[in-house]
Amino acid sequence: MIRNSENQYGLTSIAMHWVSALVVFGLFGLGFWMVELTYYSSWYKTAPDIHKSLGVLLFVATLIRLIWVKLNPKPKALAHHKVWEQRIGALVHQALYFLLLSIMVSGYLISTADDRGIEVFGWFEVPSLGLLFDDQADLAGLVHQYFAYSLMGLVLLHALGAMKHHFIDKDLTLIRMTRIKEIK
């Protein structure tokens, strides 16, 4: 089942969710580690290049994912889900996308403030728009850092919500995002 059904997410949605999650955790860990590197570290240039390349690819994947979300029906809420749970879930998902996109745009602004494009694994280059405002790299850097920490906090909330549904409510919320076989 490639597409979502009325009862669960399809393979495409499941794969995009979990691949995005792994890349986000990897980017956060790499970013957290690389800011402490010194000029003499062998990773001083390599780590940021990997971080930027993965960030650009995640940006493209996130745009594709947003299009997929719009074109593909979302499974219906489970009958016993309370209205407040549905609203909080929707707000958390919107905030996750907002933070993801903001982090990626701010990363672009940091990386291109010196008028150089972003080379993506030697495959292609994302051109620079140059310096768009004063202190662009520093201000975008603050947004990038604080939004990345905020994203990790929201991801924790998202995961705790999924665990609550699975272990306390004993419902199919988490199963719908992990199982490909049709749930009745």
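Just so it is clear, the structure is predicted and the values come from calculations on it, not from any experiment.
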For [X] and [Y], work out which heavy atoms get closest and say how close.
X: G130; Y: D115; value: CA-OD1, 3.4 Å
X: L63; Y: L101; value: CD2-CD2, 4.4 Å
X: I110; Y: A137; value: CG1-O, 3.8 Å
X: T38; Y: Y44; value: O-CD1, 3.1 Å
X: S41; Y: L37; value: OG-CD2, 3.5 Å
X: T112; Y: G117; value: CG2-CA, 4.5 Å

Measure the acute angle between the ring planes of H144 and H51, then classify it against the limits of 30° and 60° as parallel, tilted or perpendicular.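 Aromatic pair H144/H51 classed perpendicular.
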Take the angle between the ring planes of F147 and F98 and call it parallel below 30°, perpendicular above 60°, tilted in between. tilted
With the side chain counted from C-beta on, respond yes when [X] and [Y] share a heavy-atom pair under 4.5 Å apart, and no when they do not.
X: S106; Y: Q145; answer: no
X: V56; Y: M104; answer: no
X: L129; Y: Y108; answer: yes
X: I118; Y: K52; answer: yes
X: F28; Y: L151; answer: no
X: H158; Y: L96; answer: yes

Using the rule that two of Ile, Leu, Val, Met, Phe, Trp, Tyr join whenever any of their side-chain heavy atoms come within less than 4.5 Å, decide whether L71 and M16 are in one cluster.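 Each belongs to a different hydrophobic cluster.
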Worked verdict on K164 versus E85 for salt bridge (charged side-chain N to carboxylate O under 4.0 Å, His left out): CA-CA 11 Å; K164 175 228 179 246; E85 288 176 314; 2.6 Å; yes
[X] and [Y]: side chain donor to acceptor below 3.5 Å:
X: W68; Y: S13; value: yes
X: H80; Y: D171; value: yes
X: H81; Y: T173; value: yes

Steps toward side chain to side chain donor-acceptor pair (under 3.5 Å) verdict (Y9, R179): CA-CA 8 Å; Y9 293 95; R179 185 177 295 162; over 6 Å; no
Could you grab the distance from atom CZ of R87 to atom NZ of K82, nearest 0.5 Å is fine?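 Spacing of CZ (R87) from NZ (K82) equals 14.0 Å.
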Is S53 reaching over with its side chain to a backbone N or O of E119, donor-acceptor style, under 3.5 angstrom? yes
